[in-house]
Amino acid sequence: MKSVLEPVKTKTINLLDFDRKGLAAFFVGLGEKPFRATQLLKWIYQEGVEDFELMTNLSKSLRTYLSENCYIATPEIVLEKIATDGTRKWVVQTHCGNRIETVFIPEEGRSTLCVSSQIGCALACTFCSTAQQGFNRNLSTSEIIGQLIVAQKRLGAEKRITNVVMMGMGEPLLNFNNAVAAMNLMMDDFTFGLSKRRVTVSTSGVVPAMYRLTQECDVSLAVSLHAVTDELRDELVPINKKYPLKELMEACRDNAKIAPRRTVTFEYVMLDGINDSLQDARGLIKLLKTVPSKVNLIPFNPFPSSSYRCSNSETINRFKTLLTDAGIITTVRKTRGEDIDAACGQLVGQVQDKSRRHLKLHAAGSERAGAA
Ligand code: SAH
């Protein structure tokens, strides 16, 4: 029996927090060869082995070190909702008790997982319900890749996830290192092996991080544009005040330059009477002239405290036709999982708000009420 005076050893290193490069550096730090990284990734991701003693190609002493100091842990699915269209939303609990949401979207020929990158969101886009939740913290790499691991486990081998979009809760580029490590893992041949075209990161326009992404991580880029003038974008996507359209488009051009035929996807939420006029469509065509681009029109998904309405289908179609006629490939995002609140901008989880957004919103509300 252990003496009570013996110090309690705690396992402090979650091995899912490392991509292959990080893992190789970790092993080198232990005096091991870097190739231990691929051996370990294979055990964890391909063989599903979590007991270090079963990792027989690692030396006995390394196995003992790992058993004493490391662990492998994902967040946990605590609730599953399945929509009539087959979309599934999982509420996923992190070790600190906060809850995030992960959405699985099956389609003809592919199935996409929409992954969260933060608990809540620090940005305050006015049409997004995640924004109303406030912000708690960045997710760790293990909590991001963990969403893919638990989702794939839940679905079973016959329902393979083929695409990942970093379009769940949070702004991935404000959690750059962890989001990039998790995306590297998704694309690693020894883990999920997703192709770089099938991993998409969506950003509200964190310009310096976009340049860094272009240099460091070759994934598809989507940009939440939503408005074609600074005046309107300042209001809808307030980070625009820091990084206005001119700078944003320059960063998009930089991204498009790195590979031939690379396009940037621009997301554009359709808000009735706000950004859906013919003039807006013409403005969009002009803005996108210098970037190889695709446009994804997103019908606005309402949530309880929102005052916006979705543009009607006639308006959306007219907007789409104008863009298509100008030679821009344009799709209208199908709203999926609406009956389980799993659609874009409807993910809320359960966030212990550290940003005090609730108080700020409340104060703003009272101010407005006072002014009226
Ligand atoms: N923070 C990142 C990732 C979120 S992705 C980003 O802004 O890109 C989610 C996409 O859905 C974004 O384009 C977002 O602007 C859009 N969205 C948010 N709320 C929405 C709503 N209520 N209806 C439709 N789209 C919404």
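Order of appearance sets the numbers: ligands from 1, and atoms from 1 within every ligand.
For Gly170, a nitrogen or oxygen atom sits less than 3.5 Å from a nitrogen or oxygen atom of ligand 1, counting backbone and side chain alike. Ligand 1 has no nitrogen or oxygen under 3.5 angstrom from a nitrogen or oxygen of Met166. Distances between N or O atoms of Ser224 and those of ligand 1 include at least one value under 3.5 Å.
Aromatic ring pairs are classed by plane angle as parallel below 30°, tilted from 30° to 60° and perpendicular above 60°; the pair Phe26 and Tyr65 is tilted.
Separating the CD atom in Glu171 from the OG1 atom in Thr130 is a distance of 12.0 Å, to the nearest 0.5 Å. Atom CG of Asn175 sits about 11.0 Å away from atom SG of Cys121, to the nearest 0.5 Å.
Using a 4.0 Å cut-off to heavy atoms of Cys128, the atoms of ligand 1 that qualify are 18 (C), 19 (N). Close approach to His226 involves these atoms of ligand 1, each under 4.0 Å from a residue heavy atom: 13 (O), 14 (C), 15 (O). Listed by number with element, the atoms of ligand 1 under 4.0 Å from a non-hydrogen atom of Ser204 are 6 (C), 7 (O), 8 (O).
Looking at atom 17 (N) of ligand 1, its nearest protein heavy atom turns out to be Phe127 CE1, 3.8 Å.
Judged by distance alone, the side chains of Thr84 and Asp339 do bring a donor and an acceptor atom under 3.5 Å apart.
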* Asked: Could you walk me through whether Thr10 and Thr12 pass the side-chain hydrogen bond (donor to acceptor under 3.5 Å, both in side chains) check?
  -> CA-CA 6 Å; Thr10 46; Thr12 53; 5.9 Å; no
* Lys294/Glu267 under salt bridge (charged side-chain N to carboxylate O under 4.0 Å, His left out): CA gap, chis, key distance, verdict -> CA-CA 9 Å; Lys294 277 189 275 206; Glu267 296 157 284; over 6 Å; no
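Heavy atoms of Asn301 found under 4.0 angstrom from ligand 1 belong to the backbone as well as the side chain. Contacts of Glu267 with ligand 1, taken as heavy-atom pairs under 4.0 Å, involve the side chain alone. Residue contacts with ligand 1, taken as heavy atom pairs separated by less than 4.0 Å, involve Pro299 solely via the backbone atoms N, CA, C and O. Within the 4.0 Å heavy-atom criterion, neither part of Leu123 lies near ligand 1.
Annotation for Gln279: atom CD does not count as buried by contact number, only 12 or fewer foreign heavy atoms lying within 6.0 Å.
A heavy-atom separation below 4.0 Å is not found between Cys310 and ligand 1. For the pair Met169 and ligand 1, no heavy-atom separation below 4.0 Å is found.
Taking the side chain as every heavy atom from C-beta outward, Asn184 and Lys21 never approach each other to under 4.5 Å.
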